[in-house]
Amino acid sequence: MTVRTRFAPSPTGFLHIGGARTALFNLLHARRHGGTFLLRIEDTDKARSTPEAVQQIMDSLAWLGLTPDEPPVFQSTREARHAEVAHQLLAQGKAYRAYETPEELVAMRERAMAEKRPPRYDGSWRDRQPGPEHEGKPFAIRIKAPQGGETVVEDLVQGTVRVANAELDDMIILRSDGTPTYLHAVVVDDHDMAITHVIRGDDHLTNTFRQCMVFDAMGWHRPRFAHVPLIHGADGAKLSKRHGAVGVLEFRDQGLLPEAVCNSLLRLGWGHGDEEIIARERAEKIFDIADVGRAASRLDHAKMLHVNGIWLRQSTPERLLPEVLARLRAMGVEPGADALARLEMLLPALQERAKTVHDIADGALFAMADGAPEPDAKSAALLTPDARARLADLAEFLSTAPWERKDLEVWLRDYSDVKAIKLKEVAQPLRVALTGSTMSPPIDLTLAVLGREEALARIRAAAAQPT
RNA sequence: GUCCCGUUCGUCUAGAGGCCUAGGACACCAGCCUUUCACGUUGGCAGCACGGGUUCGAAUCCCGUACGGGACGCCA
């Protein structure tokens, strides 16, 4: 049987890292077994679902490269089918009508809690026939929970999990307004979509037993389950959209690469020996859902930045250029033809040093317009009278140099030899003159990028600067 | 409250009874490299929650305790 997995978010907010990782695991598991990865939007909560959230989720998945193999299924379009199944169970005597109002049920729950009893439905209507007085009254359909024994789930991550059926109550599968409940809709959809492996957060683990009731009552094969531990927030609690959860797209906006984000997510709860940097292609070969651990984890932002730096270095200038340009524009910088040429020269050196795309853009700023940026106090302090005199001298010296990076390096070394000083003593003030900063790509490159005219102008400007 | 799940350096993890004097990565500290920064590199700091058992031998198996998380909805 072909493996089919699905990611089934509810569109009530942005996609956060927990959901993204679940989607990743689903895709990887499908790929590993030559199967299909699907997306189902669980939008049956009309009050909280929004089209914006749907779009956001799709954008997030697309950015991460987790696009489903088939068009997404919208759960809301399948309500007739959900109701059909519920009524079928009713007709078969595997479910029954219950006439309590939601208010009465809330009261029952509160009473149970107050008396320190488990807040379970007592099954009042399980064997009760509605009388004439119930004619036309709204009712919910509840499924009959198995009465004795236990329900066992062989979970691919959690192992064998069992629960006494006495813990289960007769849950509602169809509301009094005719709409399905989540626990019911999920089962019907997973069955109809021929899902073979349900990979989801372990907050659904205990729900699984209730879902099994529907699978079993319908005589359907249960899919394999794999309940992945949650990613916790900094406070150690379940990630929620309200409490510090980070949206996937925020990572993009922070200048991270999707490859790096996926790589980081992959390493949460799962490892393969000492491998840290794992590309998608490799992950599809070695990922095994059974290797996922059972403990919750947290995302370490510092480590993700480090991983991003590695991906940045492994990336190509061609790949990065559009990203950097986008960032530059976001900063209000629109590089012209000259600036673009400089950027392209700079890119290989910049990506070598950066942790994020933002770092690259920042590092290129000095070359995006004529004139050196205003130096900060620390850098300006390097421009002592002596240093400025040296810069003036250096400007003369370099004015006849061939303006190629290799030559410039040789000329600078010669200069420091002749003056019997360290290259560093020449390079640092020069760096400040050229970039307004003590940090830049190699000084020969920096000179070369700016071109003879602009470089010499900056050096002379710094040399002429009053104290 | 009831049920379910978990607990290896600060964080992510390796570890399926002897290979563990517990390995790697990030972060941190010190050194090296160096044209600044970054990279790289060398070394350091730091962990099997606790208590019982099983065994010749336990991070690994069993039981309990503590702590943490999750679920108990006519939400998903």
Side-chain angles (χ1 to χ4, degrees), chain A residues 8-12 42-45 47-49 75 98 100-102 105-106 109 112-121 138-142 155 157-159 161-164 166-169 171-177 179-183 185-186 201-210 227 229-230 232 236-238 264 267-277 293-307 309-310 313 349-350 352-355 359 363 409 412-413 416 422-428 430-432 435 437-444 446:
Chain A
S10 58
T12 55
E42 311 226 311
D43 56 347
T44 49
D45 186 339
R48 296 197 300 149
S49 299
Q75 192 162 58
E100 290 90 355
T101 65
L105 290 172
V106 170
R109 250 194 313 278
M113 290 287 229
E115 293 168 16
K116 297 196 192 288
R117 285 183 292 111
R120 283 194 281 270
Y121 178 63
F139 59 88
I141 297 181
R142 305 189 89 115
D155 194 280
V157 170
Q158 303 290 333
V161 186
R162 49 186 71 221
V163 75
E167 298 294 330
L168 275 19
D169 61 2
M171 67 169 178
I172 290 173
I173 56 177
L174 204 69
R175 297 185 190 105
S176 49
D177 66 359
T179 60
T181 58
Y182 162 75
L183 257 13
V186 165
D202 74 3
D203 50 340
H204 290 280
L205 182 59
T206 48
N207 283 333
T208 304
F209 297 102
R210 312 176 101 78
H227 287 93
L230 300 177
H232 283 168
K238 179 181 177 180
S264 296
R267 288 285 289 101
L268 250 37
W270 179 86
H272 189 78
D274 288 339
E275 286 187 56
E276 296 284 352
I277 303 305
R294 288 192 282 216
S297 55
R298 307 173 196 210
L299 182 67
D300 183 356
H301 201 257
K303 184 161 182 172
M304 187 163 59
L305 279 180
H306 175 260
V307 170
I310 293 173
R313 262 170 267 139
L350 252 21
E352 200 65 25
R353 281 147 246 271
K355 287 239 190 321
D359 291 344
E409 184 191 358
L412 283 178
R413 288 195 187 280
S416 61
K422 294 197 167 189
L423 181 54
K424 178 180 179 175
E425 293 172 60
V426 182
Q428 280 309 79
L430 186 52
R431 202 166 246 121
V432 175
T435 70
S437 164
T438 53
M439 295 174 287
S440 87
I443 196 66
D444 48 357
T446 303

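Chain A is the first sequence line, chain B the second, and so forth, proteins listed ahead of strands; every chain is numbered from 1.
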Open item on the list: Base, sugar-phosphate or nothing for A:S297? Non-hydrogen atoms, less than 4.0 Å.
Closed with: sugar-phosphate
Open item on the list: Taking pairing as Watson-Crick or G-U wobble with both contacts under 3.5 Å, can you name the mate of B:C61, or confirm there isn't one?
Closed with: B:G53
Open item on the list: Can you check the distance between B:C12 and B:A27, where both ends of the measurement are the P atom (answer in whole Å)?
Closed with: 16 Å
Task: Residue pair A:R175 / A:T179, side-chain donor-acceptor N/O under 3.5 Å - done: yes
TODO: Scan A:D444 against the nucleic acid and name what it touches under 4.0 Å (heavy atoms): base, sugar-phosphate only, or nothing.
DONE: base
- [ ] Using a heavy-atom cut-off of under 4.0 Å over every strand shown, decide if A:D203 touches base, sugar-phosphate, or nothing.
- [x] sugar-phosphate
Open item on the list: Applying a 4.0 Å non-hydrogen cut-off, can you work out what A:H204 is touching in the nucleic acid: base, sugar-phosphate, or nothing?
Closed with: base
TODO: Write down the distance between CD1 (A:I141) and P (B:C74), rounded to a whole number of angstrom.
DONE: 14 Å
Open item on the list: Between C1' on B:C3 and CG on A:D169, what's the gap in Å once rounded to a whole number?
Closed with: 12 Å
TODO: Under 4.0 Å between any heavy atoms, over every strand shown, what does A:P229 touch: base, sugar-phosphate, or nothing? Just pick one.
DONE: nothing
TODO: Would you mind pulling out the nucleotide paired to B:A22, Watson-Crick or G-U wobble, both distances under 3.5 Å?
DONE: none
Task: Phosphate contact (B:C75 OP1 or OP2) by A:T44 side-chain N/O below 4.0 Å - done: no
Task: B:A49 and B:C9, which share atom name P, separated by this distance in whole Å - done: 7 Å
Open item on the list: Tell me if a side-chain donor or acceptor on A:T181 pairs with a main-chain N or O of A:I172 at a distance below 3.5 Å.
Closed with: yes
TODO: Would you mind classifying the nucleic acid contact of A:I172 as base, sugar-phosphate or nothing, using non-hydrogen atoms under 4.0 angstrom?
DONE: base
Task: Distance-only donor-acceptor check, side chains A:T446 and A:S440, under 3.5 Å - done: yes
Open item on the list: Can you see if the side chain of A:R413 gets near the phosphate of B:U35 - specifically, an N or O under 4.0 Å from OP1 or OP2?
Closed with: yes
- [ ] State whether the distance check finds a donor on one side and an acceptor on the other, under 3.5 Å, for side chain A:D202 versus base B:G70.
- [x] no
Task: Whole-Å distance separating the CG atom of A:L305 from the C1' atom of B:A25 - done: 15 Å
TODO: For the side chain of A:A295, starting at C-beta, report the closest nucleotide among B:G24, B:G6, B:A76.
DONE: B:G6
Task: Closest to the A:V163 side chain, choosing from B:C3, B:C39, B:A76 - done: B:C3
- [ ] State which of B:C12, B:U36, B:C5 makes the closest approach to the side chain of A:L205.
- [x] B:C5
- [ ] Select base, sugar-phosphate, or nothing to describe what A:E275 touches, counting heavy atoms under 4.0 Å on all strands.
- [x] nothing
Open item on the list: When you measure from the side-chain N and O atoms of A:R267 to the phosphate of B:U11, is any distance below 4.0 Å, counting only OP1 and OP2?
Closed with: no
- [ ] For B:G43 versus B:U55, give the span between their P atoms, rounded off to a whole number of Å.
- [x] 42 Å
TODO: Would you mind reporting whether A:I443 and A:E409 have side-chain heavy atoms less than 4.5 Å apart?
DONE: no
- [ ] Provide, to the nearest angstrom, the distance between the NE2 atom belonging to A:H272 and the P atom belonging to B:G24.
- [x] 18 Å
TODO: For A:L268, report the nucleic acid contact type (base, sugar-phosphate, nothing); a contact means any heavy atom under 4.0 Å.
DONE: sugar-phosphate
- [ ] Between B:C45 and B:U11, how far apart are the C1' atoms? Round to whole Å, please.
- [x] 15 Å
Open item on the list: B:C39, OP1 or OP2 - any side-chain N/O from A:K355 closer than 4.0 Å?
Closed with: yes
Open item on the list: For a quick check of understanding: with a heavy-atom distance under 4.0 Å over all strands, which category does A:R313 fall into, base, sugar-phosphate or nothing?
Closed with: sugar-phosphate
Open item on the list: Regarding A:S437, tell me which of base, sugar-phosphate or nothing describes its non-hydrogen contacts under 4.0 Å with the strands shown.
Closed with: nothing
Task: Reference residue A:H227; test side-chain hydrogen bond (donor to acceptor under 3.5 Å, both in side chains); the match among A:T206, A:D203, A:N207, A:T208 - done: A:T208
Open item on the list: At 4.0 Å (heavy atoms only), tell me whether A:E276 reaches a base, stays on the sugar-phosphate, or touches nothing.
Closed with: base
Open item on the list: Using whole Å, what does the distance between atom C1' of nucleotide B:G70 and atom CD of A:Q158 come to?
Closed with: 10 Å
TODO: Confirm from the modelled atom types if A:K303 and B:A25 form a donor-acceptor pair under 3.5 Å, side chain to base only.
DONE: yes
Task: Presence of donor-acceptor pair under 3.5 Å, side chain of A:S176 and base of B:C74 - done: yes
Task: A:R294 CZ - B:A14 P separation (whole Å) - done: 12 Å
Task: Rounded distance in Å between the C1' positions of B:C29 and B:U35 - done: 26 Å
TODO: In whole angstrom, give me the gap between the P atoms of B:G44 and B:G23.
DONE: 11 Å
- [ ] Pick the P atom in B:U21 and in B:A59, then give their distance to the nearest Å.
- [x] 9 Å
Task: Side-chain donor/acceptor of A:R413 to backbone N/O of A:S416, under 3.5 Å - done: no
TODO: Between A:Q75 and A:A427, just flag the one whose closest nucleotide in RNA chain B comes earlier from the 5' side.
DONE: A:A427
TODO: Send over the distance from A:K424 NZ to B:U35 P, rounded to a whole Å.
DONE: 9 Å
- [ ] Measure the distance from CG on A:L174 to P on B:G73 and round it to the nearest whole Å.
- [x] 18 Å
- [ ] Provide the distance between the two C1' atoms, one in B:U13 and one in B:A22, to the nearest whole Å.
- [x] 13 Å
Open item on the list: Please name the nucleotide paired to B:G1 by Watson-Crick or G-U wobble geometry with both distances under 3.5 Å, or report none.
Closed with: B:C72
Open item on the list: Could you identify the nucleotide paired to B:U41, looking across every strand shown and requiring Watson-Crick or G-U wobble geometry with both distances under 3.5 Å?
Closed with: B:G31
- [ ] Ignoring backbone atoms, test whether A:R353 places a side-chain nitrogen or oxygen under 4.0 Å from the OP1 or OP2 oxygen of B:U35.
- [x] no
- [ ] Classify the side chain of A:R298 versus the base of B:U11 as yes if they form a donor-acceptor pair under 3.5 Å and no if they do not.
- [x] no
